[in-house]
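Here is the structure we will look at.
Keep in mind it's a predicted model, so treat the numbers as computed, not measured. Counting from 1, the numbers follow the sequence of the chain as shown. Any value given below was found using the heavy atoms of this structure, including those in side chains, with hydrogens, waters and symmetry copies removed.
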Amino acid sequence: MELHIIIGADASGKTVFMDSLIKDAPYRNFDIYKLNEIENEYYQDILNCIKMDTLSKSSSLILEITLLTKEFEELILNAIEMNYKIITYCLITENAKINENRNKKNIAPNRIRENYRKSIKNIPRLYEITDTLIIYNSIKNNFELICYREKKGDDLLIYEKYMSYKFIYKNILLPIKYIKFN
């Protein structure tokens, strides 16, 4: 069983990316539930889905979130206890202005900037708790691979081609205290 997490700041291209991932997997969009102010019901729904093993007919569940909250981290840890493989797709851009310019939901620019900052700070924790971590530069919704780790303990592969080394080093390698550079 797999739990696929698509995470990124507002207007980072999560929904577009998710559309390319979905087959027949159950799917929940955290942002939709948050906008409808039933976040707690959503959390319980997903937690019940994981705990009750409702994925027996399907091999995976896909979640789309903006930030790694304490509640969502707890949900991931519960999934790990239930032997789910956690696959995280982190969508980032080199600056919040890119996200602001593609904002089609009329989200306040200050909220976009704040969530952008927080989403970058989520990377070290995601690195610690997820099995597979895949980080994409989501410039123009053309998703370019910049970092990849298949499973815990593996080397983190870095692809400088699509994002500056300075950005990768400052925002990914230093926070996760990663020493090797491939």
Side-chain angles (χ1 to χ4, degrees), residues 2-32 34-35 58-69 72 76 79 84-105 107 109 111-152 154-176 178 181-182:
E2 296 178 341
L3 176 60
H4 295 262
I5 301 162
I6 303 168
I7 188 168
D10 297 307
S12 62
K14 295 182 299 290
T15 302
V16 172
F17 182 82
M18 181 274 311
D19 288 341
S20 68
L21 206 87
I22 282 194
K23 307 275 186 281
D24 294 322
Y27 165 71
R28 302 288 189 279
N29 182 333
F30 184 70
D31 293 335
I32 291 171
K34 198 159 97 176
L35 291 173
S58 176
S59 63
S60 61
L61 173 67
I62 301 172
L63 303 177
E64 179 184 330
I65 63 170
T66 301
L67 297 171
L68 183 67
T69 62
F72 199 76
I76 293 170
Y84 279 78
K85 179 178 180 184
I86 310 299
I87 302 167
T88 303
Y89 308 88
C90 186
L91 307 180
I92 61 176
T93 57
E94 286 201 59
N95 64 66
K97 198 71 172 155
I98 294 168
N99 299 57
E100 285 179 47
N101 290 338
R102 45 159 93 138
N103 175 18
K104 292 184 173 73
K105 296 180 182 175
I107 300 168
R111 178 181 157 194
I112 290 175
R113 287 189 296 274
E114 180 65 15
N115 282 347
Y116 175 85
R117 186 185 61 75
K118 288 178 180 177
S119 71
I120 296 292
K121 289 188 176 221
N122 284 168
I123 293 173
R125 186 63 182 143
L126 290 167
Y127 180 80
E128 290 174 13
I129 65 174
T130 63
D131 296 302
T132 300
L133 178 65
I134 307 164
I135 304 174
Y136 288 97
N137 179 357
S138 66
I139 190 82
K140 299 179 184 174
N141 288 335
N142 182 16
F143 305 101
E144 300 163 333
L145 182 64
I146 57 170
C147 296
Y148 178 79
R149 184 197 64 203
E150 177 65 33
K151 62 183 192 300
K152 291 178 187 169
D154 281 358
D155 285 343
L156 181 67
L157 302 175
I158 309 295
Y159 301 89
E160 265 186 88
K161 180 178 178 183
Y162 301 115
M163 194 166 271
S164 73
Y165 170 76
K166 181 179 177 182
F167 181 88
I168 294 170
Y169 184 76
K170 178 184 173 199
N171 295 290
I172 299 171
L173 299 179
L174 277 180
I176 65 173
Y178 194 80
F181 191 80
N182 297 319

If we ignore hydrogens and angles and just use 3.5 Å, is the side chain of Arg102 paired with the main-chain N or O of Ala11 as donor and acceptor? yes

Between CD1 on residue Ile76 and OH on residue Tyr84, distance to nearest 0.5 Å: 13.5 Å

Parallel, tilted or perpendicular for Tyr89 and His4, by the 30°/60° rule? parallel

Any donor and acceptor pair, going by atom type alone, linking the side chain of Tyr116 with main-chain N or O of Thr93 inside 3.5 Å? yes

Sidechain-backbone polar pair: Asp131 side chain, Ile87 backbone, donor-acceptor under 3.5 Å: no

Do any N or O atoms from the side chain of Lys14 and from the backbone of Gly8 form a donor-acceptor pair under 3.5 angstrom? yes

Atom pair CD1/OH of Ile92 and Tyr136 - distance to nearest 0.5 Å: 12.5 Å

Rounded to the nearest 0.5 angstrom, the CD1-CG distance for Ile129 and Leu126 is 6.0 Å

Regarding Lys121 and Glu114, does a basic nitrogen lie under 4.0 Å from an acidic carboxylate oxygen? no

For the backbone of Asp10 and the side chain of Asn99, can you confirm whether one donor and one acceptor N or O come within less than 3.5 Å of each other? yes

One should read off an interatomic distance between Ile146 CD1 and Cys90 SG, to the nearest 0.5 angstrom, of 8.0 Å

For the pair Arg149 and Tyr127, evaluate side-chain contact (heavy atoms from CB on, under 4.5 Å) and give the outcome as yes or no after the intermediate values. CA-CA 9 Å; Arg149 184 197 64 203; Tyr127 180 80; 3.2 Å; yes

Roughly how far, to the nearest 0.5 Å, is CG of Asn122 from OG1 of Thr88? 10.5 Å

In this structure, CZ of Phe72 is separated from CD1 of Ile5 (nearest 0.5 Å) by 4.5 Å

Look only at the side chain of Ser138 and the backbone of Phe143, and say whether a donor-acceptor pair between them is shorter than 3.5 Å. no

